[in-house]
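In each ligand, atom 1 is the first atom listed, and ligand 1 is the first ligand listed. Because the structure is a prediction, the values reported are computed rather than measured.
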Amino acid sequence: MNKGFQLSQVAVEKLVARFGSPLLVLSLDQVKKNYEVLRKHLPRAKVHYAIKANPHPEILRLMSKLGSCFDVASDGEIKTLYDMGVDGSRLIYANPVKTHVGLLACSDCGVHRMTFDSVTEIGKIQAVCPGATVLLRLRVDNSSAHVDLNSKFGASREDALNLMLQAKEAGLDMAGIAFHVGSQTVVADPYLQALDISRELFAEAKEVGLDLHILDIGGGMPIPEQKVKFNLPEMLKQISARLDEDFPDAEIWCEPGRFICGTAVNLITSVIGVTKRGGMPWYFLDEGLYGTFSGVLFDQWDFQLLSFKKGVKKIVATFAGPSCDSLDVMFRGSMTATLEMGDKLLVPACGAYTSASATNFNGFSKAKIIVWEDMKARINADINSGK
Ligand SMILES: *Cc1c(COP(=O)(O)O)cnc(C)c1O
């Protein structure tokens, strides 16, 4: 499978010489490719990019240009897109528990599509956005998900029909069902199970006079991961086939986050300290848990560190970040080549849930982000001229 954007060793050297370290390098071509792969294998699903995964303005601009819609969860995300000129009709406010300022932002920016999963939400929506088009967020059980969102969100199968009836009664435009099987789901089964329940609910709703016509299958589509095997085209084919069979007339939406941006960013980070503790080498990097590697904590992601040292014996080491907090240790007992001061590490697939949750803790700046396609020609010219 296509592993996504990955810089060469020379490109890494040239980029650090120009921009310093740490550095995040974003490939917009890869974002576009990812969008097109999803369009190809899930042709009926209208993509709503979940911008929390990576809200970099260049990604948002490109996705908007490509015709994507957006999944937003807060007033800040709504306003970001509004200020970029994205029409509110292209947004879904997919946070089942909304803030008052979030609803006000919907009202101000023309966002009229949202999800809910409880009675309290119905009154809140109707008060600020009367007649909004709503989808019931359904809970689906998927203990195999990399990050399971269903312990926090979603109405139970038993409560679903009643909630939908109450939404309609309150004056909302009760239009469909949404679910999220959990992030980085590598098999079709959880989607198919959620589709089974949705199909039953569509039928039950029809019997009581509710016309459901939108099905939002959420995000969760996977990117290549160390030690995990899956077949993306096959997985999406199974989902597509089931959509055709059971929802031939419904409008289908999806909300990919990680899939769009995950493989489009590389982190370059440098070794700034080397020591030994209890016989084990410790490498301190100029990027840590409070920065791009926040994904270790928030996303439980197993990042791959490439040292460009080929054919050397691997050792076990610990990798720590630059801050003065003892929590700031990213990887313990990782296999790595022996490293030295100043060595550069390349971390591919660093685009989702990384810079988005980075902080300035302890006074460290967030890693600079550059767009590869803006620099590519110049860097390649440097390489070719031997500079
Ligand atoms: C986070 C989130 C997504 C994106 O999930 P990925 O696993 O990154 O695809 C989509 N929809 C909702 C409602 C979310 O909360």
Under 3.5 Å, which donor-acceptor pairs do the side chains of residues 160-176 form with other protein atoms, sequence neighbours left out?
from: K168; atom 1: NZ; to: G209; atom 2: O; distance (Å): 3.2
from: D173; atom 1: OD2; to: T133; atom 2: OG1; distance (Å): 2.6

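Set against the non-hydrogen atoms of E255, the atoms of ligand 1 under 4.0 Å away are 3 (C), 4 (C), 9 (O), 10 (C), 11 (N), 12 (C), 13 (C). Here is the list of ligand 1 atoms found below 4.0 Å of a heavy atom in S183: 6 (P), 7 (O), 8 (O). Those atoms of ligand 1 that come under 4.0 Å of a heavy atom in A50, given as number and element, are 3 (C), 4 (C), 10 (C). For ligand 1, the atoms closer than 4.0 angstrom to any heavy atom of D71 are 10 (C), 11 (N), 12 (C), 13 (C). Close contacts of ligand 1 with G257, meaning ligand atoms under 4.0 Å from a residue heavy atom, involve 4 (C), 6 (P), 8 (O), 9 (O). Listed by number with element, the atoms of ligand 1 under 4.0 Å from a non-hydrogen atom of P256 are 9 (O). With ligand atoms numbered from 1 in the order given, ligand 1 contributes 6 (P), 8 (O), 9 (O) to contacts under 4.0 Å with heavy atoms of R258.
A salt bridge is absent between E251 and R44; no separation between the charged side-chain nitrogens and carboxylate oxygens falls under 4.0 Å. Salt-bridge annotation for D117 and R137: absent, with no side-chain N of the basic residue lying under 4.0 Å from a carboxylate O of the acidic one.
Two rings, from Y283 and F319, have their centers less than 6.0 Å apart. Remark: aromatic rings of F293 and F303 are close, center separation under 6.0 Å.
Residue Y353 places a heavy atom less than 4.0 Å from ligand 1. At a 4.0 Å cut-off, at least one heavy atom of A94 sits close enough to ligand 1 to count as contact. The closest approach between A53 and ligand 1 stays at or above 4.0 Å for every heavy atom of the residue. The shell of residues lying under 4.0 angstrom from ligand 1, judged by heavy atoms, includes R137.
Within the 3.5 Å criterion, the main-chain N or O of S323 finds a donor-acceptor partner in the side chain of D328.
Under 4.0 angstrom from ligand 1, the non-hydrogen atoms of H180 all belong to its side chain. Neither the backbone nor the side chain of T115 comes within contact range of ligand 1; no heavy atom lies under 4.0 Å.
Listed here is the closest heavy atom pair of D325 and F361: CB-CE2, 4.0 Å. When all heavy atoms of A188 and Q238 are compared, the pair lying nearest together is CB-OE1, 3.3 Å.
Inclusion of G219 in the set of residues having an N or O under 3.5 Å from an N or O of ligand 1 is not warranted. For the pair M221 and ligand 1, the shortest N or O to N or O distance does not fall below 3.5 Å.
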- request: Run the numbers on S183 and R258 for side-chain hydrogen bond (donor to acceptor under 3.5 Å, both in side chains), then give the verdict.
  value: CA-CA 8 Å; S183 211; R258 184 192 308 280; 3.0 Å; yes
- prompt: L136 and T115: side-chain contact (heavy atoms from CB on, under 4.5 Å), yes or no, with the steps?
  reply: CA-CA 6 Å; L136 179 81; T115 61; over 6 Å; no
